[in-house]
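Presented below is the structure to which this report refers.
Note that the coordinates shown come from a computational prediction; the quantities given were computed from them, not determined experimentally. In the text below, chain A, chain B and the rest are named by the order of the sequence lines, each starting its count at 1.
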Amino acid sequence: DAKTTQPPSMDCAEGRAANLPCNHSTISGNEYVYWYRQIHSQGPQYIIHGLKNNETNEMASLIITEDRKSSTLILPHATLRDTAVYYCASGGGADGLTFGKGTHLIIQP
Amino acid sequence: GAVVSQHPSWVICKSGTSVKIECRSLDFQATTMFWYRQFPKQSLMLMATSNEGSKATYEQGVEKDKFLINHASLTLSTLTVTSAHPEDSSFYICSALGGGAEQFFGPGTRLTVL
């Protein structure tokens, strides 16, 4: 299983883009990269996932480097409600996910 | 979207008793479900993989006789914490595998063992 590392915390100004990095240098070829976020005492909320190509949905964009050793989650216009712990995870398919320790993103007004 | 529920949302029990937690996929069938545990201020850790109609597979360090998993139908997996002790107090979260690679998580169950 790939080990994922994330910065413990980040600040971002409201209305700006929040860019959250994740390193997964030991990810294997068939493992996906996932991003979830969690607000205190709730289950993780799915944001986005990808394998090789960059992905975009209504919540965020996921940029995966060509060597797949790292990725960046982009929240294009952060709001106060985006304050949460963001987890990068790898795995997928019939396998469970290996979560990073998470980044506490604080959106400043 | 796909919804996963858990019951109960929280439970308090005495040391030595057993507690059962249910995980249901409400609008889709899930051959595979996963159980995670999260201690305060820590990340989620995979405990076991639950496959419908077969034995669960446990991660290293997770006692299969203590954490009993049953996945008797395509929409229900249960986790029973047997002879619970205070160190088992944690946030237990399940997820269900949808048709693709996406895992849908439940809201979690807070277990407190006195």
If you count heavy-atom pairs within less than 4.5 Å of chain B, which of A/G100, A/S41, A/P44 leads?
A/P44
Among B/K41, B/M45, B/Q38, which residue has the highest count of heavy-atom pairs closer than 4.5 Å to chain A?
B/Q38
For B/S77 and B/W35, does a side-chain donor sit closer than 3.5 Å to a side-chain acceptor?
yes
Closest-packed option against chain A by number of heavy-atom pairs under 4.5 Å, given B/E102, B/Q42, B/R110
B/E102
Against chain B, label A/L51 side chain, backbone, both or neither, depending on which of its atoms sit under 4.5 Å from a heavy atom there.
neither
When the 4.5 angstrom heavy-atom criterion is applied to B/Q6 and chain A, the contacting part is neither
Any donor-acceptor pair under 3.5 Å linking the side-chain atoms of A/S25 with those of A/N23?
no
Please work out whether the ring planes of A/F99 and A/Y36 are parallel, tilted or perpendicular, with thresholds of 30° and 60°.
tilted
Has B/H7 got more than 12 heavy atoms of other residues, nucleotides or ligands less than 6.0 Å from its NE2?
no
Side chain, backbone, both or neither: which part of B/L44 has a non-hydrogen atom closer than 4.5 Å to chain A?
both
Chain B contact via A/Q38 - side chain, backbone, both or neither, heavy atoms under 4.5 Å:
side chain
Ring centroid separation A/Y34 to A/Y87 under 6.0 Å:
no
Kindly say whether B/V81 contributes a backbone atom to a donor-acceptor pair with the side chain of B/K20 at under 3.5 angstrom?
no
